[in-house]
Amino acid sequence: MQRAERIKNLTVALSGALTVQDVVSAVATRVLPPFRASGLTIGVLEESRANRVRVVGAVGYPDSFTAMVEAEPIPAESPVTDVLKDGVPLFIDTAEEHNLRYPHMAHRVHVSGKKSWAFLPLIASGRSIGACSISFSEARRLDDAERTLLMALSGLIAQALERARLHDADRDRATELQRGLLPRDLPALPALTAAARYLPAGEAMDVGGDWYDVLPLSSGRVALVIGDVMGHGLTEAATMGRLRTAVRTLADLELAPDDLLVHLNDLVADLGEDLYATCLYAVYDPTDAVCTITTAGHPPPVLVDPSGTAHFVDLEPNSPLGVAEPPFETTRLHVPDGSLLVLYTDGLAETATRPMGQGMDLLKATLDEALAQVSSGDCPATDHDVPAPDPLLDRLCNRLTDALLSSPSDTTDDAALLVARPRSFKASDMAGWTLPEDPLAPGQARALIREQLAAWHLDDLVMPTELIVSELVTNAVRYGRGPIRLRLLRSDLLVCEVSDGSLTTPHVRRAAETDEGGRGLQLVTALSHRWGARYETEGKYVWTEQELPSAAVAG
């Protein structure tokens, strides 16, 4: 009766063990006390290395012994290797008997402090997967009933261990997938610094559909993205990866936030009727410190003004992707220098014991408390170079996750958090002019370029920039319509923009040897680091980027 009860108790405990460490804990709790044992080790065979045993759990041993086991491989002649080779248990009643059979392991016996052992093979699906050692602080001979019971228990341990190893392997692969789908490092940009966190819901759900991204756009602008595919698991993580890739592709097309979400909504709708996702897409423009935000069913971001006061941005909520009916409403938000933007998914605010509204209140209160302790020295200085990493943002991420996700048992959803500090370009790093709609415009543009680059001490870029601007302005006069504007921006790159009121798309074409024209955009391609076009309601912008001379960057 007692034997059946012990087997039942261990079976119940092991049935809830998901990971290898859960199995070790269950055995230590359910097996050691009834046998008055004081120590436990569990080792598994490494498939990649023949006859190599790796200890995955140890209980009841001094730290010095655990460190020795981790540092030294198990000897070729040892109780564990003999048990694995023969597939039968080995019982050693005294330390003297152990030292007599395995004299080269006497130092381990001494450090362990144990006096007798039961070494049990762990056999699952007809093959040995490892060994379990149960040890005692005093010399002891187990009777036949105890030995038979330990053998029965070892079978349960082996099955649970094999299941947990498969779970751990799946979890490791899933975690690696999640890590590969999320950005490994956020880009360091002149107009914005950011920090982020992703937190899985729990051991059984290590991957999910939450994601974030920071995307550099043309003319120093930056896109901030955060989204959440409903559900957990590999399917949702894979869907998240598809959406993140789609957002990056659409962002490269310079789409406005509302247009981008229209395309993303179509993609989600095509993926299946039972799939939907939330997303927030924001574009910060450092030339006017305005952030254009569109959301699809996503919680509103928090704007922290330069004084440290936090408030939620009032946005049109729109419906989640997959069920939304465009158009998406867009909000333009002025973001003064020294402000912070906090983007998050609902898993950060809402838990099993805390509704969404209370979570948002706690998020705001945590921000207010954390920022009240911040001195002005925590705010990085502003110049036109790429800023250094901002330690305040990492500290805020840690404070927020600690405060809102302090109890993992209450967390039923994965969570993503993105904290960003935008900063505008200084007036001295921008220059713009309106040009006439006539053939004289290219010449005027070249003169303006020479004067401005000289003022910025970028004389090495005068000639290539003159050629670029001349071609772009000539195209605007010849094929576009007014007004024609020219703008230069200096950050870590030199940006040149020419805009006009036409939506005609510029194309690079291959000119024949006898053609007198048609090589302008080829020249622009050759002289610039990168170039492209974006479209807004008032017309198009053709932009180029040139790398600054090393002396200018250093200065």
Side-chain angles (χ1 to χ4, degrees), residues 2-3 6-7 10 13 20-21 23-46 49-123 128-158 160-161:
Q2 189 178 33
R3 172 183 174 183
R6 289 180 180 178
I7 291 177
L10 182 60
V20 169
Q21 292 307 312
V23 173
V24 174
S25 178
V27 175
T29 303
R30 300 292 181 178
V31 175
L32 298 190
F35 286 90
R36 302 188 307 280
S38 61
L40 167 72
T41 62
I42 294 180
V44 298
L45 280 169
E46 292 188 353
R49 304 179 67 177
N51 300 321
R52 180 67 181 264
V53 178
R54 176 170 56 89
V55 175
V56 296
V59 175
Y61 287 91
D63 292 341
S64 56
F65 178 80
T66 304
M68 181 187 301
V69 169
E70 291 177 349
E72 301 175 4
I74 294 177
E77 294 184 7
S78 69
V80 170
T81 52
D82 287 349
V83 162
L84 289 172
K85 179 177 62 177
D86 300 333
V88 295
L90 173 62
F91 299 96
I92 299 179
D93 301 336
T94 65
E96 291 76 15
E97 180 184 351
H98 192 294
N99 291 338
L100 183 63
R101 298 184 63 165
Y102 307 100
H104 54 284
M105 297 186 66
H107 68 294
R108 288 199 179 196
V109 171
H110 175 72
V111 174
S112 74
K114 306 304 179 186
K115 305 299 183 182
S116 59
W117 298 262
F119 295 98
L120 308 172
L122 299 178
I123 301 174
S128 294
I129 63 169
C132 172
S133 166
I134 295 174
S135 56
F136 304 85
S137 298
E138 301 296 334
R140 181 179 176 189
R141 178 176 178 81
L142 297 171
D143 60 34
D144 291 343
E146 290 174 319
R147 295 185 179 193
T148 301
L149 179 56
L150 282 176
M151 276 301 299
L153 296 179
S154 70
L156 296 175
I157 297 169
L161 183 63

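Starting from 1, each residue takes its place in the sequence as its number. Side chains included, hydrogens not; waters and symmetry mates left out as well; all remaining heavy atoms used.
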| Polar side-chain atom of Ser112 near backbone of Val109 as donor-acceptor pair, under 3.5 Å | yes
| Looking only at heavy atoms, which two atoms of Val23 and Ala160 are closest? And how far apart? | CG2-O, 3.8 Å
| task | Please examine the side chains of Pro79 and His98, heavy atoms only from C-beta on, and report whether any two atoms are closer than 4.5 Å. | result | yes
| task | With rounding to the nearest 0.5 Å, note down the distance linking CD1 in Ile129 to CG in Leu161. | result | 4.5 Å
| Heavy-atom closest contact (Gly57 atom, Val24 atom, distance) | CA-CG2, 3.9 Å
| task | Would you check if Glu97 and Leu100 make a side-chain contact, meaning some heavy-atom pair closer than 4.5 Å? | result | no
| message | Any heavy-atom pair between the side chains of Leu40 and Val31 that's under 4.5 Å? | response | no
| Is any side-chain heavy atom of Ile42 less than 4.5 Å from a side-chain heavy atom of Leu122? | yes
| message | In the structure I gave you, are the side-chain heavy atoms of Lys114 and Ser137 within less than 4.5 Å of one another anywhere? | response | yes
| request: Just jot down the side-chain contact (heavy atoms from CB on, under 4.5 Å) partners of Ser78, sequence neighbours excluded, or say none. | output: Ile74, Pro75, Val80, Thr81, Met105
| said: Other residues, nucleotides and ligands only: do more than 12 of their heavy atoms fall within 6.0 Å of NE2 on His110? | reply: no
| said: Are Leu32 and Ser38 packed together at the side-chain level, in the sense that at least one heavy-atom pair is separated by less than 4.5 angstrom? | reply: no
| said: Taking CG in Asp144 as the centre, count heavy atoms belonging to other residues, nucleotides or ligands within less than 6.0 Å. Is the count above 12? | reply: no
| What distance separates Arg147 CZ from Leu120 CG, expressed to the nearest 0.5 Å? | 11.0 Å
| Distance from Phe91 atom CZ to Trp117 atom CH2, nearest 0.5 Å? | 14.5 Å
| field | Steps toward side chain to side chain contact (heavy atoms under 4.5 Å, CB included) verdict (Arg30, Leu156) | value | CA-CA 12 Å; Arg30 300 292 181 178; Leu156 296 175; over 6 Å; no
| Taking all atoms of both residues into account, what is the closest heavy-atom pair of Lys115 and Glu138, and its distance? | CB-C, 3.3 Å
| field | Validation row: Pro121, Pro89 side chains within 4.5 angstrom (heavy atoms) | value | yes
| query | What are the two closest non-hydrogen atoms of Ile123 and Gly87, and how far apart are they? | reply | CD1-O, 4.0 Å
| said: Looking at every heavy atom in both Thr94 and Ala139, which two are closest together, and how far apart are they? | reply: CG2-CB, 3.9 Å
| To the nearest 0.5 Å, what is the distance between OH (Tyr102) and CD1 (Ile92)? | 5.5 Å
| query | So Phe65 and Tyr61, would you call those rings parallel, tilted or perpendicular, with 30° and 60° as cut-offs? | reply | parallel
| said: Using only atom types and a distance under 3.5 Å, with no angle test, would you say the side chain of Gln21 pairs donor to acceptor with the backbone of Val56? | reply: yes
| Polar side-chain atom of Asp86 near backbone of Val88 as donor-acceptor pair, under 3.5 Å | no
| request: Please tell me if the side chains of Leu149 and Phe35 come closer than 4.5 Å, counting only heavy atoms from C-beta onward. | output: yes
| query | Atom OG of Ser116 and atom CG of Leu142: how far apart are they, to the nearest 0.5 Å? | reply | 7.0 Å
| message | Using every non-hydrogen atom in the two residues, find where Gly130 and Leu84 come nearest and quote the distance to one decimal. | response | O-CD2, 3.1 Å
